[in-house]
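Notes to accompany the following structure.
Here, residue 1 is the first one in the sequence, and each next residue gets the next number. Treat the numbers as computed from the prediction; the structure is a model and nothing was measured.
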Amino acid sequence: MKTDMGDGRKIVIATFGSLGDLNPYVALAHALKRIGFLPVIATSAFYRDWIESEGLGFAAVRPDIDALAERLGLDMGGLADRVARDDGFMFRELIFPYLRQSFEDVAAASEGAAAVVAHSLCFSAKLAAERLALPLFDGVVSPLFLLSAYDPPLGARSRFVAEPRSAVALAYNKAMAFALTHFLAWQGRPIARLRRELGLPLRRGRDLLTGGPTAQATLGLLSPLLAPPQPDHPADLFIAGHTFHDRFTDTAEGLPDALAAFLAAGEPPIIVTLGSFVVRGRAEFYRAAGEAALRLSRRAVLLVADEEREALAEGLPPQLFVAGHIRHSLIFPRSAAIVHHGGSGTCGQALRAGRPQLVVPVFGDQDDNAARVERLGVGRLLPYKRCSTESLERELGALLADERHACRAGEAAARIGGEDGATAAAAMIAERIGCAAIAVEA
């Protein structure tokens with residue numbers, strides 16, 4: 001799909017990562033298109049066919065996922081494992097070595113654009129917007145990146161006070177947030193170096209990572225259920241609400257026949273998924289989850305990596321069904337409970353389905369998301385490293401036995417089901433850049 005480079009309607013949306021990092025921005029692109037803009041998704045060439053099949057503009061931005069895997073001698077499963085085991089691997093190997101190249105790619109794609117929307121980790125896109133003097137919207141899809149002292153990062157690894165009810169606890173959290181922000185900025189020295197090379201002004205702390213005063217707004221494509229407004233949130237933060245786009249390479253609006261038949265043949269099953277990235281090489285987890293369901297006399301659907309589907313399905317009892325990638329919006333509402341990794345997109349889909357959740361976080365923001373789900377009362381948390389047949393049986397049993405989880409899940413579904421973050425965000429962007437009068441697409 002080609003766009004007119006100079007009519008003021010093109011908006012470049014730069015994102016990086018797994019489907020959980022792309023789907024919210026694909027939803028935003030569709031919402032912008034509906035009100036007359038020409039959105040262009042700028043990301044790895046790996047996703048070109050999918051994005052173009054959505055009828056959206058596409059621009060390839062280095063690094064390409066396939067090229068990364070080849071350079072590092074890792075397949076996708078290996079990449080996911082390294083990211084999960086090594087906190088600095090993503091920045092050290094996947095982002096910072098390509099800052100200059102990705103800046104050049106986004107800058108080229110942004111010529112003639114009306115604005116740039118950049119995922120939190122797309123530092124090069126923020127530099128491109130500043131260099132081209134274009135309005136920038138710093139996108140956030142996870143509460144973790146808002147880093148509030150009042151509502152701090154949660155989870156087992158967090159060093160914050162989870163509920164700062166005293167002045168001392170709040171002061172401690174503020175000091176921790178300041179230290180963490182400046183540590184991350186120090187880690188981001190490659191960004192500062194590229195800024196100098198580009199002749200851009202010096203930035204420190206949070207401003208180095210977010211685009212600082214050049215950003216029109218911080219755009220939260222997430223639900224206030226998980227990220228309630230806080231006194232120390234960025235003054236320019238707009239929490240638009242969750243987005244629910246989850247179509248990938250297949251555009252089917254229904255479930256595969258065999259899966260539909262399985263669902264119709266008995267009680268609602270437990271759905272088990274680890275998303276699109278960390279799912280590879282997790283056969284033992286899926287076997288443990290299936291066995292836990294059987295011990296509870298429950299049926300289960302295991303959503304596994306396509307390349308591992310055949311091996312996991314071999315010799316499976318009739319109470320279990322193995323499938324590859326299935327749109328969560330199609331299957332989550334058919335479940336009794338959902339076991340998942342805590343990705344932000346999966347959390348949103350599970351909340352909208354109104355089903356109890358057992359969250360098994362693997363890495364990154366998933367610990368924080370899992371703790372927020374637990375705090376809402378809609379689910380329980382079991383760290384992935386502690387997962388076994390016995391622990392999964394115990395936690396799933398407790399989840400399904402406590403009717404309060406189901407009740408609160410239903411209440412959360414009623415609230416998040418009314419959110420349309422993509423439409424709200426598109427309207428805000430149009431207003432901020434002075435294009436609110438663009439005609440709605442027929």
Side-chain angles (χ1 to χ4, degrees), residues 18-20 22-23 26 47 49-50 53-54 75-77 80 244-341 343 345-360 387 389 392-393 396 399-400 406 409 413:
S18 67
L19 292 185
L22 269 77
N23 270 320
V26 173
Y47 295 110
D49 290 346
W50 166 43
S53 75
E54 293 276 342
D75 59 14
M76 287 294 288
F244 296 101
H245 187 279
D246 66 341
R247 184 172 54 242
F248 186 37
T249 51
D250 94 58
T251 58
E253 296 301 326
L255 295 169
D257 291 343
L259 177 54
F262 175 83
L263 293 172
E267 294 297 317
I270 297 167
I271 307 298
V272 184
T273 177
L274 291 177
S276 66
F277 185 53
V278 300
V279 65
R280 295 169 178 84
R282 309 285 175 176
E284 290 308 311
F285 166 79
Y286 279 106
R287 291 191 180 98
E291 178 61 28
L294 293 174
R295 291 184 182 184
L296 294 166
S297 299
R298 293 278 184 166
R299 304 195 313 149
V301 175
L302 313 178
L303 303 183
V304 307
D306 285 331
E307 60 269 27
E308 298 167 5
R309 180 178 175 183
E310 184 176 343
L312 282 166
E314 187 175 353
L316 214 61
Q319 300 94 323
L320 303 180
F321 188 97
V322 170
H325 176 81
I326 299 292
R327 292 173 61 182
H328 292 165
S329 59
L330 298 178
I331 193 168
F332 280 5
R334 307 281 299 273
S335 69
I338 303 160
V339 180
H340 65 88
H341 61 305
T346 307
C347 285
Q349 291 285 355
L351 285 169
R352 186 168 70 160
R355 299 296 186 267
Q357 306 172 42
L358 174 60
V359 191
V360 292
C387 285
T389 298
L392 287 164
E393 178 188 8
L396 277 169
L399 179 74
L400 293 164

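- Across all non-hydrogen atoms, the minimal contact from A353 to P333 is CB-N, 3.9 Å.
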- [ ] For side chain to side chain contact (heavy atoms under 4.5 Å, CB included), just list the numbers for L303 and H328, CA-CA rounded to whole Å, side-chain angles, deciding distance to a tenth of an Å, and then say yes or no.
- [x] CA-CA 10 Å; L303 303 183; H328 292 165; 4.3 Å; yes

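- Of the residues listed (V339, L392, L358), the one engaging C387 in a side chain to side chain contact (heavy atoms under 4.5 Å, CB included) is L392, and it is the only one.
- Shortest non-hydrogen contact noted between P356 and A336 is CD-O, 3.5 Å.
- Listed by chain and residue number, nothing satisfies the side-chain contact (heavy atoms from CB on, under 4.5 Å) test with E310 (two or more places apart in sequence, or in another chain).
- Between atom OG of residue S297 and atom CD of residue Q319 there is a gap of 8.5 Å, rounded to the nearest 0.5 Å.
- Across every non-hydrogen atom of V278 and A80, the tightest pair is CA-CB, 4.0 Å.
- Atom-to-atom distance recorded for L259:CG and F321:CZ is 5.0 Å, nearest 0.5 angstrom.
- We find that E308 and R282 are not joined by a salt bridge, their nearest charged nitrogen and carboxylate oxygen being 4.0 Å or further apart.
- One finds the CD atom of E267 at 8.0 Å from the CZ atom of R298 (value rounded to the nearest 0.5 Å).
- In this structure, the salt bridge (charged side-chain N to carboxylate O under 4.0 Å, His left out) partners of E393, at least two apart in sequence or on a different chain, are R295.
- For the atom pair L302 CG and L320 CG, the distance stands at 6.0 Å (nearest 0.5 Å).
- A side-chain N or O of N23 and one of H245 form a donor-acceptor pair less than 3.5 Å apart.
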Task: Derivation of the side chain to side chain contact (heavy atoms under 4.5 Å, CB included) call for L294 and L296 - done: CA-CA 5 Å; L294 293 174; L296 294 166; over 6 Å; no

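- Across every non-hydrogen atom of H341 and V359, the tightest pair is C-CG1, 3.9 Å.
- The nearest pair of heavy atoms linking S335 to I271 is CB-CG1, 3.3 Å.
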- [ ] Quick one: do F277 and L19 satisfy side chain to side chain contact (heavy atoms under 4.5 Å, CB included)? Show the steps, please.
- [x] CA-CA 8 Å; F277 185 53; L19 292 185; over 6 Å; no

Task: CA sep, side-chain torsions, deciding dist, call: I326, V301, side chain to side chain contact (heavy atoms under 4.5 Å, CB included) - done: CA-CA 11 Å; I326 299 292; V301 175; over 6 Å; no

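- For the atom pair OG (S18) and OH (Y47), the distance works out to 6.0 Å, reported to the nearest 0.5 Å.
- Judged by distance alone, with hydrogens and angles left aside, the side-chain atoms of Q349 form a donor-acceptor pair with the main-chain N or O of F244 at under 3.5 Å.
- With F262 as the aromatic partner, R299 meets the cation-pi criteria of under 6.0 angstrom to the ring centre and within 45 degrees of the ring axis.
- Summarising the geometry, atom NE2 belonging to H325 is positioned 7.0 Å from atom CG belonging to D246; distances are rounded to the nearest 0.5 Å.
- Inter-residue side-chain proximity for R334 and P269 is flagged as unmet; no heavy-atom pair is nearer than 4.5 Å.
- In this structure, R355 forms no cation-pi arrangement with F332, as its terminal cationic atom is not both closer than 6.0 Å to the ring centre and no more than 45° off the ring axis.
- Nearest heavy atom pair, residue A293 against residue A300, reads CB-CB, 3.8 Å.
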